[in-house]
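Naming convention: chains lettered A, B, ... in sequence-line order (proteins, then strands); numbering from 1 in each chain.
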Amino acid sequence: MLRRAIALGVLALGIAVGVATFGVARDDPGYGLAGASRFGGLALLLAGWALIGAGVASWLRRPDSRFGPLLAFAGFAWFAPEWDTPGVGSALAFTLGLALASACPPLVAHAVLAYPGGRLGSRFEAGALTLAYAGGAVVLGLLPALSSDPNAETCSLCPANLLGVTEREAFADDVTRVGTYLGVVWALALALLAVRRLPRRAVRPVVAPGAVFLALVAATFAAWVDDGFLANGELERRLWFAEAAALAGVAFGVAGTWVRAHRARSDVARLVVELAQTPPPGGLRDVLAEIVGDPELVLAYPLELPARLVDVTGRAVELPGSGRRTTLVRDGRVVAVLGHAPGLLDDEQLVAEVAAAGRLALENERLQAEVRARLVDLRASRARIVAAGDAERKRLERDLHDGAQQRLVALALSLRLLRSTHPSDPALERAERELASAVEELRALAHGIFPAVLADDGLEAAVHALAEEAAVPLAVGDVPRERFEASRESAAYTVVAETVRAAKGPVAVSAGRSDGTLVLELRTPGVDDLDVVALEDRLGALDGRLAIDRGVGTTTVRAELPCAS
Amino acid sequence: MRVVIADDETLLREGLARLLDDSGFRVVGTAGTAEELLRRVELGRPDVAIVDIRMPPTKTDEGLVAAREIRRAHPSVGVLVLSHYVESHYAMRLLEEHSERSGYLLKDRISDVAVLVDALHRIDEGECVVDPTIVSRLLKRPREEGPLDELTDREVEVLALMAEGHSNEGIRKRLVLSPKTVETHVRHILSKLEIGEAPDHHRRVLAVLAYLRR
């Protein structure tokens, strides 16, 4: 409420000051820059009021940013050079006019460089602004005001200079000359700094006219350097008109970004409605990319435990560094993070609008992303469990071979050597026979735990080996000889082995690789208690699929395993 | 006959050395690793090297790799691979990589001196040797009806011996047949199974094994 009252007060004051200045300028056309023409007065009012209006409105929208107040002050300062004329009729206004004659350009530069957040980007900017304030407000404002009395010198009709403490005309002239030289320097420097900000799309509508204004100010100072004093000749007036237009441009640029933000918000609002009905295949990312105009836009959602950013599919994403990432915050909580082209989303207002309007859709998609990320985690953990099981079985198989079996064979050898000293001991012969069958059983056991041939030479070799021990005929068709990742080979082998075990008749197996997928096909007259769940688990852990088609007289088991590389 | 023995299990290595020594072989070196085996072969110039299929460091198929190395560096040295694996795959791999003068026996055979000694002699004479258990597994495996069912019992017997790596002469001795009869059997078998005449003994073994593995 208070803020509204202040804003209205400032606006009213601005209107009043504008009207008064307009009157002064018309009455004393020889002194100011606006002159007596109707266009001069219009330009004066348009630029000043536009700045004050845009400044006050910006302040209302973002009270935390200095941009609004700076712009409003600049608007008032724009009127000031018209006041140090005889017709102003007030000593206070006259004195203010003297002191603030060159205060407008530094204020505009400050506002433009600090747009929209209110903070300056670099020390260069801060340094150049300090120089500008010193040059504009002190060297060209305060010092001449302190040391001169126009009333006593050139302008006998002028009101009294309240600041005039001494009367040193020569000093005031020197100071003014230095000020104009300085003015060329800082105005140019600020114009260049503004130009440097132009690549940032979001601030361009404000910064571009600001840069033009500052360049015009530099030109005006250059003209004054040429004149030797702050003249208001034809050239200066023309430059002043252009400055007025540029300032109006700054104000309209500010208003333009509000319109854009509003449009973006209604885009987002429309999008939310659409999304509620039919979620697009590319998700919110595609839609946001279109709204902000960056096809490379990355939309990431923050997850905890472990803390990371994931996209809508739940996969971890990397985001670029500061300046290229924007955080969407809602009620103090990070809803999403955007990775984008540099400077694209500097308009915090727009970002806030997007976060607000898209909140439901973003929240919805964030939940989806979270569920999918958990699924990705789960799948990885399943794959790890299966791989750990395989590794363990492989280790067991090796231990049996290299431990127990080697011992038994060595023992058989010892018995054999004993036999040369006890040629016909029936107990010894029986022990040898027992040992031989123990070795055979152990071999079968080890092979059943994990077929070494699978680890040594891959799927094709292992399937052929399976054909030798199967209880039903197994016809091995085309099976790729290439090696796949161990867990995939193991899963594929398990499908073949389990189908062969459950088959009621001959089995024909073939396999092939197409488009990064290993496809396994088994045909058999029928299967009995095939452990489908175990096979699906096994394949599912690797993102694979199992399809069983129980036709009349033929059952087809088809397994698909993605195998990148 | 000079032999070198490679097996990482000391007890087995020494026992085998004693057994072969008793059977009239000269053990000119023993080794616990594939690397040492190659050195022993280099130094001892054996007629046959007896190699365990699994040796350090990875204990997977070092023996087969070593066999290939021996073939490359010393083509005249025969190799007998001892293995726990009854799958024909490993024997095929050995024969494909090291076809002449090579053999594949199951490890538990070593206590059956007669088989071991016979295998060593056959390798030394240029035959190849495939463990009878492997061949009988291949013959007995269930399969759909086909040309194999048309063979007579005697022909199956001859086929098994062919697959085990015996030459016609070896088959003749074993089955006590006339050379002509053996040749007739072999010809009949090959034509019934539609296996082309192989240019040499080893390729015949490979062809027969490949047929049985189909």
Side-chain angles (χ1 to χ4, degrees), chain A residues 394 397-420 432-433 435-440 442-444 446-447 451-458 460-477 500 503 505-508, chain B residues 7-23 52-56 58-65 82-93 106-114 116 133-146 210 212-214:
Chain A
K394 211 179 290 184
E397 184 268 344
R398 254 170 220 176
D399 284 356
L400 280 179
H401 262 308
D402 299 330
Q405 198 152 19
Q406 284 281 69
R407 291 283 162 72
L408 287 185
V409 170
L411 188 59
L413 198 58
S414 304
L415 286 183
R416 180 64 195 74
L417 289 167
L418 257 181
R419 217 171 2 139
S420 54
E432 278 192 276
R433 275 200 307 277
L435 208 50
S437 58
V439 168
E440 226 162 275
L442 198 60
R443 172 157 47 225
H447 179 77
V453 59
L454 181 63
D456 286 346
D457 288 308
E460 191 253 0
V463 170
H464 271 110
L466 189 65
E468 289 173 26
E469 66 189 44
V472 295
L474 172 60
V476 183
V500 167
V507 180
Chain B
D7 196 307
D8 58 314
E9 174 80 37
T10 320
L11 199 63
L12 218 143
R13 193 166 66 222
E14 300 307 329
L16 190 56
R18 228 185 90 196
L19 198 70
L20 288 174
D21 201 53
D22 289 352
S23 310
D52 182 14
I53 194 168
R54 283 162 87 130
M55 279 190 289
T58 69
K59 296 221 171 193
T60 52
D61 56 0
E62 274 82 0
L64 291 181
V65 177
L82 296 181
S83 165
H84 285 303
Y85 303 130
V86 74
E87 293 88 13
S88 64
H89 168 76
Y90 291 99
M92 281 297 277
R93 220 183 110 182
L106 289 177
K107 210 154 187 185
D108 26 333
R109 285 288 163 208
I110 57 179
S111 50
D112 195 342
V113 189
L116 182 63
T133 307
I134 292 174
V135 172
S136 80
R137 253 170 64 103
L138 283 177
L139 276 170
K140 277 190 291 192
R141 64 174 267 214
R143 63 180 86 226
E144 301 203 53
E145 263 180 48
L212 293 179
R213 273 162 58 82
R214 267 211 314 242

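Heavy atoms closer than 4.5 Å to chain B are found in both the backbone and the side chain of A:V453. Of the two parts of B:L138, only the side chain, counted from C-beta on, holds a non-hydrogen atom closer than 4.5 Å to a non-hydrogen atom of chain A. Both the backbone and the side chain of A:A452 come within contact range of chain B, with heavy atoms under 4.5 Å apart. The contact between A:A471 and chain B is made entirely by backbone atoms, counting heavy-atom distances below 4.5 Å. Neither the backbone nor the side chain of B:R214 comes within less than 4.5 Å of any heavy atom in chain A. Heavy-atom distances place no part of B:I134 under 4.5 Å from chain A, backbone and side chain included.
Using a 4.5 Å cut-off on side-chain heavy atoms (C-beta onward), A:R443 and B:L106 make contact. At a threshold of 4.5 Å between non-hydrogen side-chain atoms, the residues B:H84 and A:V409 count as touching. A heavy-atom distance below 4.5 Å is found between the side chains of B:R213 and A:H464.
Between B:P142 and A:A470, the shortest heavy-atom distance links the atoms CG-O, 3.0 Å. The shortest heavy-atom contact between A:A465 and B:R137 is O-NH2, 4.3 Å.
Distance CG/A:L411 to CG/B:L12: 10.5 Å, rounded to 0.5 Å. Rounded to the nearest 0.5 Å, atoms CZ (B:R141) and CG (A:L466) are 10.0 Å apart. Taking CD of A:E468 as the start and OG of B:S88 as the end, the distance is 3.0 Å to the nearest 0.5 Å. Taking CG of B:D108 as the start and CG of A:L442 as the end, the distance is 10.5 Å to the nearest 0.5 Å. How far NE2 of A:H447 is from CD of B:E87: 4.5 Å, rounded to the nearest 0.5 Å.
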**OP:** Evaluate the side chain to side chain contact (heavy atoms under 4.5 Å, CB included) criterion for residues A:Q406 and B:D7: first the C-alpha distance (whole Å), next the side-chain angles of each, then the deciding distance (0.1 Å), finally the verdict.
**Re:** CA-CA 10 Å; A:Q406 284 281 69; B:D7 196 307; 3.5 Å; yes

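Judged by distance alone, with hydrogens and angles left aside, the side-chain atoms of A:R416 form no donor-acceptor pair with the main-chain N or O of B:G15 at under 3.5 Å.
Ranking B:D52, B:D61, B:L19 against chain A, the residue ahead of the rest is B:L19, based on heavy-atom pairs under 4.5 Å. Ranked by non-hydrogen atom pairs under 4.5 Å with chain B, the options A:L474, A:V472, A:D402 are led by A:D402. When B:K140, B:E144, B:R13 are compared by the number of non-hydrogen pairs under 4.5 Å with chain A, B:E144 comes out ahead.
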